[in-house]
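Below is one structure, written out as structure tokens; comments come after it.
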Amino acid sequence: MVTAVAHTNIALIKYWGKRDANLIIPYTGSLSLTLDQFYTETSVNFDQNLDRDEVSIDDQSAANNSWQRVHDFLEIVREKSGAHLNAKVVSRNHVPTAAGLASSASAFAALAAAASKAAGMNLNNQELSRLARRGSGSACRSIFGGFVEWQRGTDDADSYAVPIDTPHLSDIRVVALTIEKHQKPISSRRGMALSVTTSPYYPTWVKVVESDLQSIKSAINQDDFTRFGTISELNAMRMHALTLSSDPDFLYFNGSTLDAMNEVKRLRHSGIECYYTIDAGPNVKVICQTKNVKEITTTFSKLFGPDKVIVAQPGPGIKYL
Ligand code: ADP
Ligand code: DP6
């Protein structure tokens with residue numbers, strides 16, 4: 001049995017759209033920060049006594065769709081490794097209970113690491129990133145710690161994540177506001193497919209992400225937090241504009257999301273520098289520096305309750321236990 005731990009990541013330049021849905025090759029690159037507070041621990045054991053793959057997530061037998069997704073992924077591992085046995089998978093998401101932060105990113109990064117090793121493959125991190133990508137695109141970035149870029153590539157061999165090795169912006173913090181704990185009505189997978197096929201702005205998104213990526217990388221290089229935060233916030237809003245311009249249109253925000261966004265802007269105008277980013281759900285992540293964490297957590301604790309406010313810092317890459 002092999003056990004692996006992967007931390008989740010928050011995209012600052014978002015991945016939103018696949019050019020190849022089977023291999024999960026994206027239209028654009030993306031860039032993320034791995035977070036220390038949220039992670040998945042997964043054990044895999046290939047066992048000749050099993051009639052089918054067995055999957056438990058958070059001590060419960062996986063629901064049909066989740067089982068299928070893990071099974072499909074194990075099929076890829078069996079095909080690549082030559083292993084033919086069924087597997088027992090035991091996985092736990094270490095996030096505050098039902099906080100709406102469970103992520104396919106940490107889940108499939110941990111599964112890729114544990115399953116490939118249990119199947120006798122000895123993959124390096126680049127190969128692991130390519131494999132994790134097949135489970136969920138954002139998972140390819142969770143193989144690495146800190147700032148990570150997913151280089152889009154054009155095929156299975158050259159689409160993988162690379163760590164950005166930098167001493168800069170190391171005092172960055174992400175204050176996660178866990179506004180909503182329910183599962184989102186439209187998965188990222190379905191949402192991005194709808195945007196690719198129906199939003200008239202999709203071709204513009206592809207162009208703009210290229211320049212957003214260049215700008216954020218140069219902001220990191222120059223240790224320029226203001227530019228870093230500004231581009232992150234803009235890129236997130238550009239992604240959400242794709243949901244509003246899809247047919248049918250959809251929106252991941254709720255009323256509390258808007259309250260949080262307004263509060264971030266108010267704080268910023270009052271001299272507390274912070275920016276928001278939002279993934280495919282209503283929860284808001286506030287990007288800031290250590291010096292402002294206290295003021296920001298106090299403000300949002302008053303607004304949503306202290307149990308909804310979690311402070312994260314840069315987290316590590318994949319680990320085996
Ligand atoms: P998120 O924004 O949280 O990544 P997704 O809709 O992309 O949301 O992914 C959630 C899906 O990921 C779940 O429905 C489930 O199929 C899968 N998943 C979540 N946690 C695990 C886990 N620990 N092991 C395997 N699959 C998981
Ligand atoms: C908004 O990686 O969950 O979080 O590849 O279909 O599994 P699939 O999608 P997923 O999408 C993540 C979307 C996002 C942006 C990001 O993480 O880059």
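We count ligands from 1, going down the list as the structure has it; atoms in each ligand are counted the same way.
- Distances below 4.0 Å separate heavy atoms of S66 from the following atoms of ligand 1: 14 (O), 15 (C), 16 (O).
- Within 4.0 Å of ligand 2, protein heavy atoms belong to A11, K14, Y15, W16, K18, I24, R69, S104, S136, G137, S138, R141, S188, R189, M192, M239, D279, A280, listed by chain and number.
- Heavy-atom contacts of T40 reach the following atoms of ligand 1: 23 (N) (cutoff under 4.0 Å).
- In the vicinity of S188, heavy-atom distances shorter than 4.0 Å reach the ligand 1 atoms 7 (O).
- Counting only N and O atoms by type, the side chains of N254 and T257 include a donor and acceptor under 3.5 Å apart.
- Heavy atoms of V70 found under 4.0 angstrom from ligand 1 belong exclusively to the side chain.
- Side-chain N/O atoms of T40 and N93 include a donor and acceptor closer than 3.5 Å.
- At a cut-off of 3.5 Å, with distance as the only test, no side-chain donor of W16 or S188 sits close to an acceptor on the other residue.
- Residue pairs satisfying the ring pair (Phe, Tyr, Trp, His ring centres under 6.0 Å) criterion with at least one member in residues 258-306, sequence neighbours excluded, are listed as follows: F225-Y275.
- Judged as a side chain to side chain donor-acceptor pair (under 3.5 Å), and not counting sequence neighbours, Q289 has no contacts.
- With hydrogens and angles left out, the side-chain atoms of R238 and T204 include no donor and acceptor closer than 3.5 Å.
- Annotation: S187 places no N or O atom under 3.5 Å from an N or O atom of ligand 1; distance criterion only.
- Of all atoms in ligand 1, listed by their number and element, those nearer than 4.0 Å to a heavy atom of I57 are 21 (C), 22 (C), 23 (N), 24 (N), 25 (C), 26 (N), 27 (C).
- Where the criterion is an N or O separation shorter than 3.5 Å, residue side chain and backbone included, S136 fails it with respect to ligand 1.
- In summary, the atoms of ligand 1 found under 4.0 Å from a heavy atom of S91, numbered by their order in the structure, are 22 (C), 23 (N), 24 (N).
- S246 and S195 share a side-chain donor-acceptor pair at under 3.5 Å.
- Applying the salt bridge (Lys or Arg N to Asp or Glu O under 4.0 Å) rule to E273 yields no partners; only residues at least two apart in sequence or on another chain are considered.
- Q68 and D72 form a side-chain donor-acceptor contact under 3.5 Å, judged by distance and modelled atom types alone.
- Using modelled atom types, one finds a donor on one side chain and an acceptor on the other under 3.5 Å when comparing K14 with T277.
- Among S104, G281, A110, the residue whose heavy atom sits closest to atom 5 (P) of ligand 1 is S104.
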